[in-house]
Amino acid sequence: MAEPIRRPAGWREILEAPEGLKAEVLGGELILQPRPRLEHGMAQSNLTGLVTPPFSFGDGGPGGWWIAIEPDLCFDAGHIVSPDVVGWRRERVPTPPSERPVTTIPDWICEILSPATRRRDRFEKAELYLRSGVPFYWLVDLDARGLEAFEAVDGRWLRPGAWTAEQSAAVPPFEAVTIDIGRLFPPEPPTPAPPL
């Protein structure tokens with residue numbers, strides 16, 4: 001008996017995904033995963049709170065960006081993902097993208113690493129974003145409490161820097177404002193007192 005022909009997953013499979021799961025398509029394969037842990041959401045919220053006022057509203061910074069949390073981005077039929085935080089320069093994209101999924105390539109993407117997504121974010125998604133023309137890519141590492149920034153130059157990612165929670169930095173493409181990297185992360189649990 002012949003095997004049925006399987007078509008690659010796409011937007012329809014994302015819409016039909018079970019409620020409560022994050023659905024993405026990479027290489028035509030539907031990837032379902034549980035919603036992220038609380039620390040992930042806090043880092044996502046903290047990052048958005050740090051870049052939105054100066055870069056979206058112009059409060060203490062230059063403005064000129066649209067910043068969004070987890071939009072569905074369609075790079076092609078086989079690659080539909082929802083990065084943690086993305087941004088578009090208003091000079092290039094005068095109004096916020098409104099289609100779903102969004103097909104306008106962002107100018108900046110940030111992924112917050114978790115044990116379930118670390119490998120995919122570092123390799124598969126990094127390659128997808130590079131070949132699709134995303135100029136800036138950040139990785140926020142909850143376990144290492146650090147930020148790595150990448151810039152696309154001549155078809156490869158160059159790393160302008162990596163910073164720990166104890167540092168502050170002016171990180172491209174948001175170098176107009178210095179960010180306290182430690183503010184990206186939830187507070188560390190207190191160290192238990194040694195036994196007497």
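Worth knowing before you read on, the calculation uses all heavy atoms, side chains too, and leaves out hydrogens, waters and symmetry mates.
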Here's a test for you: under ring-ring contact (aromatic ring centres under 6.0 Å, His included), which of F150, W157, F75 qualifies with Y129?
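The option that passes is F75.
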
Apart from W163 itself, what residues make up its hydrophobic cluster when side-chain heavy atoms of I, L, V, M, F, W and Y under 4.5 Å apart count as a link, directly or indirectly?
L47, L50, V51, F55, W65, I67, V85, W108, I112, F136, W138, V140, L142, L147, V171, F174, V177, I179, I181, L184, F185

How close do [X] and [Y] get, heavy atom to heavy atom, and via which atoms?
{"X": "A149", "Y": "P160", "result": "O-CD, 3.1 Å"}
{"X": "M42", "Y": "P186", "result": "CE-CB, 3.8 Å"}
{"X": "L73", "Y": "W88", "result": "CD2-CZ2, 3.9 Å"}
{"X": "A23", "Y": "L32", "result": "CB-CD2, 3.6 Å"}
{"X": "G10", "Y": "I80", "result": "C-CD1, 3.9 Å"}
{"X": "T104", "Y": "P97", "result": "CB-CG, 4.2 Å"}

Do [X] and [Y] have side chains that approach each other closer than 4.5 Å (heavy atoms only, starting at C-beta)?
{"X": "V134", "Y": "I105", "value": "yes"}
{"X": "R90", "Y": "T95", "value": "no"}
{"X": "K22", "Y": "S82", "value": "yes"}
{"X": "W11", "Y": "P101", "value": "yes"}
{"X": "Q33", "Y": "L21", "value": "no"}
{"X": "E124", "Y": "H79", "value": "no"}
{"X": "R89", "Y": "W66", "value": "no"}
{"X": "K125", "Y": "I109", "value": "no"}

Straight-line distance of [X] [atom1] to [Y] [atom2], nearest 0.5 Å:
{"X": "E39", "Y": "R145", "atom1": "CD", "atom2": "CZ", "result": "10.5 Å"}
{"X": "I31", "Y": "E29", "atom1": "CD1", "atom2": "CD", "result": "5.0 Å"}
{"X": "E16", "Y": "L30", "atom1": "CD", "atom2": "CG", "result": "10.0 Å"}
{"X": "T117", "Y": "E24", "atom1": "OG1", "atom2": "CD", "result": "8.5 Å"}
{"X": "T178", "Y": "Q167", "atom1": "OG1", "atom2": "CD", "result": "12.5 Å"}
{"X": "R156", "Y": "L130", "atom1": "CZ", "atom2": "CG", "result": "10.5 Å"}

Does CZ belonging to R92 count more than 12 external heavy atoms closer than 6.0 Å?
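Atom CZ in R92 is packed in, count exceeds 12.
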
Taking CZ in R37 as the centre, count heavy atoms belonging to other residues, nucleotides or ligands within less than 6.0 Å. Is the count above 12?
yes

Residues D72, V102; criterion side-chain contact (heavy atoms from CB on, under 4.5 Å); working and verdict:
CA-CA 6 Å; D72 292 309; V102 174; over 6 Å; no

For the pair R118 (side chain) and D141 (backbone), establish whether a donor and an acceptor sit closer than 3.5 Å, ignoring hydrogens and angles.
no

So, the side chain of Q44 versus the backbone of T48: is there a donor-acceptor pair under 3.5 Å, distance only?
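Not confirmed, Q44 side chain does not pair with T48 backbone.
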
Residues R35, E70: salt bridge by 4.0 Å N-O rule
yes

Taking the six-membered ring of F123 (Phe, Tyr or Trp), confirm whether the NZ or CZ of R119 is under 6.0 Å from its centre and within 45° of its axis.
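Yes, R119 sits over the ring of F123.
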
